[in-house]
K.L.:
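Have a look at this one.
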There are 2 protein chains.
Amino acid sequence: MRTVPARQALLSRPVPWYDGDVRDDARPPATLEHVARAAGVSRATVSRAITGSGPVSADALRRVRAAAEAMGYVADPIARALVSGAGTRVVVAVTGTSDDVLDCEYTARVLMATARVCAPDGLGATVRRLPLGNPLTGLEALARDRTVAGVVLVNTTEAMLAGLPRRLRGRTVSIGTGSADVPSFDVEGAVAATTSVAHLVRSGRRRIAMITGPAWLPCAQHPVAAFRAAAEAAGLPPRTVAGGFDRRSGEEGAEAVLARWPDTDAILASCDEVALGALDVLRRHGRRVPDDVAVVGFDDVLAAELTDLTTATHPVELIATAAARGALEAPVGDGTVLFPSTLVLRRSA
Amino acid sequence: MRTVPARQALLSRPVPWYDGDVRDDARPPATLEHVARAAGVSRATVSRAITGSGPVSADALRRVRAAAEAMGYVADPIARALVSGAGTRVVVAVTGTSDDVLDCEYTARVLMATARVCAPDGLGATVRRLPLGNPLTGLEALARDRTVAGVVLVNTTEAMLAGLPRRLRGRTVSIGTGSADVPSFDVEGAVAATTSVAHLVRSGRRRIAMITGPAWLPCAQHPVAAFRAAAEAAGLPPRTVAGGFDRRSGEEGAEAVLARWPDTDAILASCDEVALGALDVLRRHGRRVPDDVAVVGFDDVLAAELTDLTTATHPVELIATAAARGALEAPVGDGTVLFPSTLVLRRSA
DNA sequence: CTGAAAGCGCTAACAC
DNA sequence: GTGTTAGCGCTTTCAG
């Protein structure tokens, strides 16, 4: 084996485009090597200068910066990821019973926000469903996956938080319930419910029923608890029926409400989709909205405006952006960050 | 410099988890090296066996497969990307004048479909806006970006197709207009327009106006041409006003239509969003829909169902999925793939 | 058919 | 401070 001193090897190896005059188009991007040669220093020094991860003389720093600037040097995130084991994509992991959860507008918006956060760092975003019955197998697969830079949990359960694989700690966040290990980002759903009830009571409603979110979803219980508390505080019966987040459960929920409490004069829905289903059922039953029954949703999707639905806002983009950032950087404060929700008054309540 | 025979070096280097009994959770994923040792062959052979990129004896193949299977080996996409220069993410590049294009439902759906295609390969997805005025600078940046595995163009212009950087060829596709270099995937917008006009004419409409899509967008011209042809074939005046894809241009377009041709009895919109804006204006002007004026949209978004809008379907997920696949694999046939659109009859026409 | 060796572009010990 | 040396996990000539 012939042993060649490294530096000489470097010098003898041609640096293809730097001295040639290839078409700008075909020219491959500059590497650390190119910058080092231009600045007259070693690759290590360039690395330190660029990342700021070690001592570099002011002089070297200046020359490196100038060279990098001139050649439009950008560190290759792939090489970085390989050496640091940091991964190249943020996974939006949605718990659910079927892939329908990936087809909903909400998930699409979370993914979009995540992708936009990832873009400048050369990272990508993906989605994956975690089966409700056994989310841990999915999480373990993610832990073993070297491409995973961070995980944004959507529809987090207690089991997932408790069983979070070690390797995922510090780069996993939750949109919803969190834990000591997992910072959480969520909307002030409880406040939204309280405000909605207050509005209904103020406008004379006395027999309010709530169609709740999925029973297995911890963060969906806060609005329910708030509804109960607000109702009791106002001296009203805390009527609730179990629901989900889709149109269908809005229909079933409204049917259940009308069957159990025919005198209901207001329905509070866990989300707009559910409210739309309820509106449908009310219409079919000949109940006028808002005259006979008021309806309040939650989310303020485009459809809410079109159907004149009174609803509380849900700043999904803001939440998801903060969450994705949290999954990439070391989380700022490892507690819960809640985003405000405000009631938008329209015709339905 | 001490020169150590490679194989001996390999043998003397401990293979951390393979012989130890670390917690399953903390155990790092198996590498080529682990499989090679277990199968009693070299890394090169394992590589050939796994990728099928070279001659391997049946015996070696069997042993490698067994070992890989047993250890749950999956090749690290990052290392692969580094050595092959293949990139780790597919970029959805949307041409537009402002970042609003990234906030629309359509783009979110394209991104979701792209992310789902990328997921199994360990790749991610991102979005990026290409400024309408100068999309080439953006494309050149993408060409220089090593993380880019493929590009899905949305709202493609002729200039972009003509000036596509060499390094992007073969891994760029277009949702919309394509070229010899760029395979295209689109909906049968022309057919949709023809069918819509046929329906309107059949139901007695004679003074049909179209609010077109953006003038700068080539693929948006096909429906316009089809509309003109259909109208003329039916002996009707081919009335068109320029529009865009947003609610606002639907409103402005409808105003323009009513101002120029007060006797209009049908409006064909370039998309549902535009149709919704038109509906609003018609209501404000006291025109009854569909009695006085029929309205037909295009896309069949959720809002179309809610507002009882007659519209033609637009299988965005199908199109984007095919496009993303095309950006990753060598495109099947380098022509245009058109997806069918069908008219959904509701109350508005 | 198979193994050794050479990197992809970068970071991180470790010496000077 | 700065350079040298080792890799990260993989593919790929190039010899045998």
Side-chain angles (χ1 to χ4, degrees), chain A residues 1-11 13 15-16 28-37 39-64 68 73-88 122 146-147, chain B residues 1-11 13 15-16 28-37 39-61 63-64 68 73-88 122 145-147:
Chain A
M1 178 179 170
R2 194 168 59 98
T3 314
V4 184
R7 176 133 281 265
Q8 182 188 330
L10 290 183
L11 291 174
R13 197 213 308 172
V15 184
T31 73
L32 209 58
E33 172 73 22
H34 296 124
V35 178
R37 291 177 52 119
V41 295
S42 72
R43 275 155 39 200
T45 300
V46 177
S47 176
R48 287 182 208 114
I50 300 283
T51 62
S53 67
V56 182
S57 70
D59 185 51
L61 186 60
R62 199 177 34 68
R63 272 159 42 219
V64 168
Y73 172 76
V74 181
D76 179 358
I78 300 182
R80 264 193 181 156
L82 179 61
V83 71
S84 67
T88 57
R146 283 197 170 84
T147 67
Chain B
M1 176 176 170
R2 194 167 59 97
T3 314
V4 184
R7 175 134 280 267
Q8 183 188 330
L10 288 183
L11 290 173
R13 197 214 307 171
V15 183
T31 72
L32 210 58
E33 172 73 22
H34 295 125
V35 178
R37 291 177 52 119
V41 295
S42 73
R43 274 154 43 200
T45 301
V46 177
S47 177
R48 288 181 207 115
I50 301 283
T51 62
S53 68
V56 181
S57 70
D59 185 50
L61 186 61
R63 271 160 42 221
V64 168
Y73 172 77
V74 181
D76 178 358
I78 300 182
R80 261 192 185 158
L82 178 61
V83 71
S84 66
T88 57
D145 184 339
R146 284 197 169 84
T147 67

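Just so it is clear, the values below take in all heavy atoms, side chains as well, and ignore hydrogens, waters and symmetry mates.
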K.L.:
Starting from P on D:dT12, measure out to CD1 on B:I50 and report it in whole angstrom.
P.N.:
14 Å
K.L.:
Distance check: side-chain N/O of B:S57 vs OP1/OP2 of C:dC1, anything under 4.0 Å?
P.N.:
no
K.L.:
Starting at CG of B:L61 and ending at P of C:dC1, how long is that distance when rounded to a whole Å?
P.N.:
11 Å
K.L.:
Taking atom P of C:dT11 as reference, at what distance in whole Å does atom CG of A:L32 sit?
P.N.:
6 Å
K.L.:
Within this structure, what is the CG-to-P distance between A:D76 and C:dG7, rounded to whole angstrom?
P.N.:
18 Å
K.L.:
Kindly compute the distance separating CD (A:E33) from OG (A:S42), expressed to the nearest 0.5 Å.
P.N.:
10.0 Å
K.L.:
Looking across every strand, which nucleic acid part, if any, lies under 4.0 Å from B:R48 by heavy atom: base, sugar-phosphate, or nothing?
P.N.:
base
K.L.:
Would you tell me if any nitrogen or oxygen in the side chain of B:S47 comes within less than 4.0 Å of OP1 or OP2 on D:dT11?
P.N.:
yes
K.L.:
Please determine if a side-chain N or O atom of A:T31 lies less than 4.0 Å away from the OP1 or OP2 oxygen of C:dG9.
P.N.:
no
K.L.:
In residues 77-87 of chain B, what residues come within less than 4.0 Å of DNA chain D, judged by heavy atoms?
P.N.:
B:A79, B:R80, B:V83
K.L.:
Starting at the 5' end of DNA chain C and moving along, which residue's nearest nucleotide shows up first, A:Y73 or B:A60?
P.N.:
B:A60
K.L.:
Without decimals, in angstroms, what is the distance between A:R43 CZ and D:dT5 P?
P.N.:
11 Å
K.L.:
B:V56 side chain: which of C:dG3, D:dG3, C:dT2 is closest?
P.N.:
C:dT2
K.L.:
Round to a whole Å and report the spacing from CD of A:E33 to P of C:dC10.
P.N.:
10 Å
K.L.:
Using side chain to side chain donor-acceptor pair (under 3.5 Å) as the criterion, list what pairs up with A:T147, not counting sequence neighbours.
P.N.:
A:R89, A:D145
K.L.:
What residues, two or more places apart in sequence or in another chain, satisfy side chain to side chain contact (heavy atoms under 4.5 Å, CB included) together with A:A39?
P.N.:
A:V41, A:R63, A:V64, A:A67
K.L.:
If the condition is side chain to side chain contact (heavy atoms under 4.5 Å, CB included), which residues does B:S57 pass it with, not counting sequence neighbours?
P.N.:
B:D59, B:A60
K.L.:
Who pairs with A:L32 by side chain to side chain contact (heavy atoms under 4.5 Å, CB included), at least two apart in sequence or on another chain?
P.N.:
A:R43, A:V46, A:S47, A:Y73
K.L.:
Looking at five pairs on each end of the helix from C:dC1-D:dG16 to C:dC16-D:dG1, what is the angle between the two axes, given to 10 degrees?
P.N.:
40°
K.L.:
How many angstroms lie between CD1 in B:I50 and OG1 in B:T45, if you round to the nearest 0.5 Å?
P.N.:
11.5 Å
K.L.:
Name the atoms and distances for all side-chain donor-acceptor pairs under 3.5 Å in residues 80-88 of chain B, with sequence neighbours left out.
P.N.:
from  : atom 1 : to    : atom 2 : distance (Å)
B:S84 : OG     : B:R80 : O      : 2.7
B:S84 : OG     : B:A86 : N      : 3.3

K.L.:
Taking atom P of C:dT2 as reference, at what distance in whole Å does atom CZ of B:R37 sit?
P.N.:
19 Å
K.L.:
Of the listed nucleotides (D:dG9, D:dT4, D:dC10), which one gets closest to any side-chain atom of A:R146?
P.N.:
D:dG9
K.L.:
Can you list everything that forms a side chain to side chain donor-acceptor pair (under 3.5 Å) with B:S53? Sequence neighbours excluded, please.
P.N.:
B:T51
K.L.:
Under the side-chain contact (heavy atoms from CB on, under 4.5 Å) rule, what do B:D76 and B:T31 come out as? Steps first, then yes or no, please.
P.N.:
CA-CA 8 Å; B:D76 178 358; B:T31 72; over 6 Å; no
